[in-house]
Amino acid sequence: MKTLLYAASIFLIVTSCAPKLGSTWKSKDYKGRTYTKIAVVGIGEDLAARKAFENNAVQLLKDNGIHAITGITIFPPKMSPKKGEDAKFIKILKDNDIDGVITMSLINTKESQRYTPGETYAVPLGYRRFGRYYYRTYSYISTPGYYQDEKSYLIEAVLYDVAGELQEGQNTLVWSGQSALINPSSSQNAAVTFTSEMVASLLNDMVILPSQN
């Protein structure tokens, strides 16, 4: 009964998340599993944005019964899994008992213009008489169409399964997902949107399984 109630509570949390990522990929040999500790690493030069993405993702994972920490607490700001420092990276993982790593990075920015057509409105003027009948008259006003600048950001999340004995150059990538954000109002807003989609995808697709402890 306790297990059933736990599963139900996790299901409610997961299904209340934001929509999932636009596209995802999973290794055919990978089976979803429970991780002991996951490090979430934002990759980029903007330190404030990195903190926002890491903090939001970690909190969402914790809310769903997953032990996660922000990468900035164990990796120097200039260091990331994508910069070829395998030996140092592996040592940090082992020293902190990390068996899963999620990275988030901006992989493309696109600027474009979106056209919004004008609209026509009917404005009532009053009534006119035609014999014994009255009818209402209208004036029609049209607004011009306009172009609006639009900027989209393509963000990618990657999950690495780093359990066991790691070796330099070893391929540990098991899952990736992408989503496009259009005109986010701030880095915090972008972080909330993307991390909500990411965690929903990871849990709903059973890529990461919550711990029942």
Side-chain angles (χ1 to χ4, degrees), residues 13-14 17-18 20-21 24 33-109 151-164 166-181 184-203 207-211 213:
I13 293 173
V14 171
C17 290
K20 299 195 296 182
L21 296 174
T24 60
R33 72 176 187 86
T34 299
Y35 287 82
T36 302
K37 187 193 290 186
I38 294 177
V40 179
V41 185
I43 299 175
E45 300 297 326
D46 189 334
L47 191 58
R50 174 180 174 178
K51 288 180 178 179
F53 274 81
E54 290 186 7
N55 289 337
N56 276 279
V58 166
Q59 188 58 58
L60 287 171
L61 290 168
K62 287 182 176 180
D63 289 345
N64 285 279
I66 297 163
H67 187 194
I69 64 170
T70 56
I72 205 164
T73 59
I74 59 175
F75 297 113
K78 298 282 185 185
M79 180 182 178
S80 79
K82 288 192 174 181
K83 291 188 177 178
E85 298 181 302
D86 286 0
K88 293 180 182 179
F89 180 57
I90 291 172
K91 185 177 186 307
I92 292 174
L93 295 178
K94 293 307 176 185
D95 289 346
N96 290 274
D97 299 318
I98 303 296
D99 61 350
V101 176
I102 295 173
T103 63
M104 295 175 290
S105 58
L106 175 66
I107 61 174
N108 188 32
T109 302
K151 198 167 186 177
S152 62
Y153 301 85
L154 184 62
I155 303 176
E156 181 179 59
V158 177
L159 171 65
Y160 300 89
D161 186 343
V162 294
L166 293 178
Q167 298 178 357
E168 291 187 42
Q170 180 178 345
N171 182 16
T172 58
L173 189 155
V174 295
W175 174 92
S176 67
Q178 296 180 357
S179 186
L181 304 183
S185 58
S186 65
S187 59
Q188 179 61 49
N189 179 270
V192 169
T193 300
F194 182 79
T195 56
S196 297
E197 294 176 352
M198 179 188 73
V199 173
S201 291
L202 289 168
L203 297 179
V207 177
I208 295 177
L209 305 181
S211 171
N213 295 331

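Owing to the predicted nature of the structure, the values given are computational and were not obtained by experimental measurement.
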Is there a side-chain contact between [X] and [Y], using heavy atoms and a 4.5 Å cut-off?
X	Y	result
Leu202	Asn64	no
Thr24	Val207	no
Tyr35	Ile98	no

Checking [X] now: which residues fulfil side chain to side chain contact (heavy atoms under 4.5 Å, CB included) with it, not counting sequence neighbours?
X	answer
Gln188	Ala52, Asn56, Ser186, Val192
Leu173	Trp25, Val158, Tyr160, Asn171
Ala163	Arg33, Asp99, Asp161
Leu106	Thr109, Tyr153, Ile155

Report the residues that fulfil side chain to side chain donor-acceptor pair (under 3.5 Å) with Thr70, sequence neighbours left out, ordered by chain and then residue number.
->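 For Thr70 there are no side chain to side chain donor-acceptor pair (under 3.5 Å) partners, ignoring immediate neighbours.
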Take Val101 and Thr172 through the side-chain contact (heavy atoms from CB on, under 4.5 Å) test and state the conclusion after the steps.
-> CA-CA 10 Å; Val101 176; Thr172 58; over 6 Å; no
Atom [atom1] of [X] and atom [atom2] of [Y]: how far apart are they, to the nearest 0.5 Å?
X	Y	atom1	atom2	value
His67	Thr34	NE2	OG1	14.0 Å
Leu203	Ile66	CG	CD1	4.5 Å
Gln178	Leu21	CD	CG	9.0 Å

For Lys91, the salt bridge (Lys or Arg N to Asp or Glu O under 4.0 Å) test, sequence neighbours excluded, returns Asp95
Examine the side chains of Gln59 and Asp63 and answer whether a donor and an acceptor come within less than 3.5 Å of each other.
->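 Present: a donor and an acceptor within the cut-off.
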Examine distances only and state if a side-chain atom of Glu54 and a backbone atom of Ile72 form a donor-acceptor pair shorter than 3.5 Å.
-> yes
With distance as the sole test, does Lys37 use its side chain to make a donor-acceptor pair with the main-chain N or O of Ile69 at under 3.5 Å?
-> no
Do Ile102 and Ile38 pass the side-chain contact (heavy atoms from CB on, under 4.5 Å) test, and can you show the C-alpha distance, the side-chain angles, and the key distance before you say yes or no?
-> CA-CA 7 Å; Ile102 295 173; Ile38 294 177; 3.9 Å; yes
Heavy-atom closest pair, residues [X] and [Y]:
X	Y	result
Ala157	Trp175	O-CZ3, 3.7 Å
Val162	Lys94	O-NZ, 3.7 Å
Lys62	Ala68	CE-O, 3.2 Å
Ser187	Phe53	O-CE1, 4.0 Å
Arg50	Phe75	NH2-O, 3.9 Å
Ile74	Ala39	CD1-CB, 4.1 Å

Step by step, would you call Val40 with Thr195 a side-chain contact (heavy atoms from CB on, under 4.5 Å)?
-> CA-CA 11 Å; Val40 179; Thr195 56; over 6 Å; no
